[in-house]
Enquirer: 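Below you'll find the structure I mean.
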Amino acid sequence: MMRNDRSGTGTGLAHAPYNFVPFSEKRKVRYEKFEDLPKHDEACTKENGLLSGELTFRIVAQTPILVAQGNADETNRNREFNRDAYSRFEIPGSTLRGLIRSAVGIIGHSDLREGVDNQEQTLMYRGLSDAVTRGLRNRKKEYDRIINKETVKAGYIRMTGKDSYEIIPAEKINEKTFTFVREQQLYKEGVLPAPDVRSMYTKDLLEIEKIGRPKPPKKLVGPTRSRRTEYIEDKRAFLIRYKERLDAYHARLSLYSVQPRVQELEQLVQEYNDIYGMYYSYLRACQSRHYAPYITRKTVYITGNGEYSFQPGRGTRYECALMSSGFMQKKQSHYLIHPADTRAKPIPLRLEEVHWYRYDLIVKGNRLKFKEFYKLPERKGELKPCFYVAGGDFTFFGFTPSLRVFYRNNIKAGLPDYSEGGFDYVQAMFGFAGSKERSYAGRLSFRSAVIEGEPGAIRQEVVIPGQPSLTAVAMYIKQDNHGDLKTLNDKYEWRGIKQYWLKRDFEQPEKNLKSAQKDNSDVKSILHLLPKGTVFNASIRFERLHKDELGLLLAALTWPKHQTIGMGKPYGAGCVTFEDIRLYLDNVMYRLDQFFQDKPKEIPREQFDEFIDSFCDQMKSVCEDVKQSEPVRVYLAMREKVYDHIDKRYMPLSDRDGYPAYQSLLPLPTVGQLLWNEPTTVREDADRQQQNHWPIKKQQSGWKENPNKPYKQ
């Protein structure tokens with residue numbers, strides 16, 4: 001599946017440890033009315049066809065496995081295998097219940113929307129890093145409309161109640177509520193070094209500032225984003241070479257201004273970008289290893305023409321907040337927020353805006369370093385400097401001028417819209433909670449699976465626990481044109497239920513993720529994995545199932561050749577098989593004496609198909625062949641075997657180390673495209689246009705020290 005080889009890998013295939021099983025288009029209703037559901041006090045007879053009994057099986061680990069107990073240890077974050085009251089390793093019944101429930105729901109075409117968390121939540125996004133060439137042009141345009149230097153203001157957020165907050169605007173001075181202060185100025189005026197101000201670079205930064213930066217060869221041209229940085233071993237020698245090249249460039253630029261030529265301009269633009277590449281390489285060589293976001297107070301002097309100084313002299317004295325958020329490459333500015341305007345009317349935040357902001361922190365998970373910095377104040381009356389945009393449908397707020405904003409639609413909007421009424425297989429077999437009159441207890445009971453024999457050698461692996469984030473929504477949404485990707489701002493559909501590809505063994509994260517582990521040592525976890533070949537004995541007790549329901553349960557156990565369970569699934573852990581599956585039906589005659597005397601009857605394996613066929617017959621009202629329906633076919637294929645031609649690494653967040661970043665590989669190919677060469681509906685002509693023909697445009701938003709240096713879109 002080639003996509004003009006956008007990835008640069010030679011295959012054009014996006015790589016990820018997961019993909020999606022589609023939701024069923026039509027929900028299978030097994031019982032039309034609540035009264036049709038089997039009664040829990042009903043006896044199993046030949047007349048009603050109800051069956052009770054037990055399924056037993058062995059769970060055999062095909063890769064190292066960890067089903068962790070409780071919460072991580074707070075000191076070293078050890079994740080150890082769950083144990084029962086007798087200290088035996090076990091897989092909890094609740095874990096097995098969730099696994100089988102998902103399989104029954106997919107195969108039985110049930111409504112699995114209940115398994116989607118936080119459906120009423122609205123996700124957030126930031127548009128500055130989404131280039132047009134990545135197919136998110138519409139989202140970028142919407143973001144620029146909301147967030148720009150005219151709309152973003154500074155203020156102070158404070159808690160007024162349990163979950164209620166308001167923003168006090170900062171004082172407007174020279175028509176601004178905040179300004180950017182370059183780190184170079186902080187060094188020059190003696191603000192740095194200081195214990196309460198975190199520097200992004202060492203003081204060597206000033207050495208290249210003395211030399212200067214290249215002037216643009218024409219208006220409205222800014223440096224392109226250099227993907228490669230030069231390794232600098234000798235800073236002094238590098239600065240000499242940088243100055244020589246800069247002087248030569250400016251000399252050529254002077255000649256060009258006298259006698260301009262088109263060919264000469266193209267060469268000057270290239271040289272301009274190359275020199276800026278050297279400048280950014282030097283920045284990286286000066287980057288501090290100890291930087292962290294901070295907020296502090298500083299006395300500042302502001303003149304009438306908008307000059308800021310930390311030294312007494314000209315200007316009026318103000319007590320301001322100096323702060324800086326997370327570091328990103330090439331960033332050189334800190335933020336200086338004016339004092340709170342006590343005369344201004346506070347801006348109240350809606351309850352859902354607060355909840356959505358907090359949910360966004362959860363969604364970003366361990367990818368967000370220094371999470372404490374981004375939390376809302378938790379003490380009533382405490383003022384915390386912030387940025388905001390007010391006046392529209394929402395108030396957007398946060399702790400960086402490049403605010404994250406809410407999508408137009410919530411999570412629920414992309415889920416299937418099934419017809420109401422009736423009860424599907426999952427509801428009927430696993431039960432559901434509702435009103436007092438409409439709650440129904442499940443008819444399946446899952447016993448915890450206890451280890452068989454002695455455990456083998458425990459394997460320890462260090463990882464950062466987590467999973468693909470919903471912030472990469474274009475991965476999770478059905479797409480039909482990767483030159484114009486849908487997001488939650490559009491009418492959209494989720495791709496389905498996330499499933500992890502199988503791997504042959506546990507694989508440590510690739511180089512691009514190891515760097516993230518190094519930077520996030522405080523959130524590392526040590527996984528204590530039981531070895532491949534570990535066996536657990538499991539059983540499922542079922543009560544009063546119809547023949548087709550038992551057939552569906554058998555299909556959920558026998559149709560998938562493998563399952564994944566526990567922690568570390570993205571890295572290949574937890575691949576298991578269900579073996580030695582045995583079915584026992586109760587053989588109890590109802591009498592006054594020796595009520596449970598009769599032993600259960602074992603059903604031979606070759607008779608399982610009788611029950612499964614009964615289920616398949618029931619499904620013909622929804623699909624002719626349930627095993628060939630799209631959700632089931634995709635699900636079974638992903639559980640079939642290890643596919644060596646599919647790259648199952650996590651996508652890196654940046655284009656470093658020769659790996660393409662995930663944004664350049666959107667959208668993720670479907671399982672059908674990867675396994676069965678199903679066609680893509682992506683317009684290749686649009687792709688070529690996205691790659692090669694976007695014109696240079698004037699910057700509409702973003703934050704630059706010099707407004708005459710817009711960036712190239």
Side-chain angles (χ1 to χ4, degrees), residues 17-18 57-102 117 362 365-369 371 446-469 498-510 513-514 516-540 562-579 648 650:
Y18 62 93
F57 53 99
R58 301 166 79 234
I59 301 174
V60 182
Q62 303 301 318
T63 62
I65 184 173
L66 169 62
V67 180
Q69 60 182 0
N71 296 322
D73 184 281
E74 292 299 329
T75 57
N76 57 18
R77 303 187 66 85
N78 280 304
R79 303 312 306 268
E80 297 185 345
F81 212 99
N82 186 67
R83 293 174 183 262
D84 66 6
Y86 303 98
S87 294
R88 298 175 299 182
F89 293 115
E90 70 164 5
I91 300 173
S94 58
T95 301
L96 291 175
R97 185 181 190 278
L99 178 68
I100 302 303
R101 186 182 187 276
S102 178
D117 295 331
I362 295 173
N366 291 330
R367 296 182 306 106
L368 180 64
K369 293 179 62 179
K371 188 173 290 187
F446 294 81
R447 181 180 298 170
S448 294
V450 179
I451 193 171
E452 179 182 290
E454 294 297 321
I458 294 177
R459 174 175 173 178
Q460 295 186 19
E461 297 286 354
V462 179
V463 300
I464 293 180
Q467 57 182 336
S469 170
K498 185 175 64 187
Q499 294 281 326
Y500 288 97
W501 293 106
L502 303 176
K503 295 186 177 183
R504 300 186 188 281
D505 200 349
F506 184 93
E507 299 176 1
Q508 265 290 348
E510 294 295 321
L513 287 180
K514 287 182 178 179
Q517 288 188 352
K518 183 178 179 181
D519 295 338
N520 290 272
S521 58
D522 57 332
V523 295
K524 286 181 181 179
S525 286
I526 304 172
L527 306 186
H528 295 253
L529 300 135
L530 294 182
K532 173 182 177 180
T534 302
V535 178
F536 299 87
N537 290 312
S539 71
I540 303 172
H562 302 84
Q563 290 285 7
T564 56
I565 192 168
M567 295 189 68
K569 291 189 285 289
Y571 310 121
C575 175
V576 300
T577 53
F578 294 162
E579 301 180 7
K648 296 176 282 291
Y650 265 119

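Side chains are part of it too, since the values below use all heavy atoms of this structure and drop only hydrogens, waters and symmetry mates.
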Enquirer: Using modelled atom types only, decide if a donor and an acceptor are shared between the side chain of Lys503 and the backbone of Lys648 within a distance under 3.5 Å.
Expert: yes

Enquirer: Could you give the distance from CD (Glu452) to CD1 (Ile59), rounded to the nearest 0.5 Å?
Expert: 11.5 Å

Enquirer: Under 4.5 Å between any side-chain heavy atoms of Asn537 and Val450, yes or no?
Expert: no

Enquirer: Got Phe578 and Val60 here, is their nearest side-chain heavy-atom distance under 4.5 Å?
Expert: no

Enquirer: At their closest point, which heavy atom of Asp505 faces which heavy atom of Pro64, and how far apart are they?
Expert: OD1-CD, 3.2 Å

Enquirer: Identify the heavy atoms of Ser448 and Gly93 that sit nearest to each other, and give their distance.
Expert: OG-N, 3.1 Å

Enquirer: Could you tell me the separation between the CD1 atom of Ile451 and the CG atom of Asp84, rounded to the nearest 0.5 Å?
Expert: 10.5 Å

Enquirer: Which heavy atom of His528 sits nearest to which heavy atom of Gln460, and what is that distance?
Expert: CE1-NE2, 3.4 Å

Enquirer: So how far is it from Gln69 CD to Arg79 CZ, rounded to the nearest 0.5 Å?
Expert: 8.5 Å

Enquirer: What's the separation between atom CZ in Phe446 and atom CD1 in Ile100, rounded to the nearest 0.5 Å?
Expert: 6.0 Å

Enquirer: Say whether, by atom type as modelled, one donor and one acceptor occur between the side chain of Ser102 and the main chain of Leu99 under 3.5 angstrom.
Expert: no

Enquirer: Which heavy atom of Ala61 sits nearest a heavy atom of Pro531, and at what distance?
Expert: CB-O, 4.1 Å

Enquirer: Considering only heavy atoms from C-beta outward, does the side chain of Tyr18 approach that of Pro570 to under 4.5 Å?
Expert: no

Enquirer: Taking Gly574's backbone N and O only, do any of them form a donor-acceptor pair with Thr63's side chain (distance below 3.5 Å, no angle check)?
Expert: yes

Enquirer: What class does the angle between the rings of Phe536 and Phe81 fall in, given that below 30° is parallel, 30 to 60° is tilted and above 60° is perpendicular?
Expert: parallel

Enquirer: When you measure from the side chain of Ser525 to the backbone N and O of Val463, does any donor-acceptor pair fall under 3.5 Å?
Expert: no

Enquirer: Partners of Glu461 by salt bridge (Lys or Arg N to Asp or Glu O under 4.0 Å), sequence neighbours excluded?
Expert: Arg459

Enquirer: Considering only NZ, NE, NH1 and NH2 on the basic side and carboxylate oxygens on the acidic side, decide whether Glu90 and Arg83 come within less than 4.0 Å.
Expert: no

Enquirer: Return the CD1 to CG distance between Ile526 and Asn78, rounded to the nearest 0.5 Å.
Expert: 4.5 Å

Enquirer: Nearest 0.5 Å, what's the CG-CE distance between Leu529 and Met567?
Expert: 9.0 Å

Enquirer: Would you check if Ile458 and Leu530 make a side-chain contact, meaning some heavy-atom pair closer than 4.5 Å?
Expert: yes

Enquirer: What is the minimum heavy-atom distance between Ala449 and Ala538, and which atoms define it?
Expert: CB-CB, 3.7 Å

Enquirer: As a quick check of understanding, evaluate side-chain contact (heavy atoms from CB on, under 4.5 Å) for Ile91 and Asn82, giving each step before the final call.
Expert: CA-CA 7 Å; Ile91 300 173; Asn82 186 67; over 6 Å; no

Enquirer: Determine the minimum heavy-atom distance between Pro92 and Val67, stating which atoms define it.
Expert: CD-CG1, 3.7 Å

Enquirer: I would like to know whether Leu96 and Ile540 meet side-chain contact (heavy atoms from CB on, under 4.5 Å); could you show each step before the answer?
Expert: CA-CA 9 Å; Leu96 291 175; Ile540 303 172; over 6 Å; no

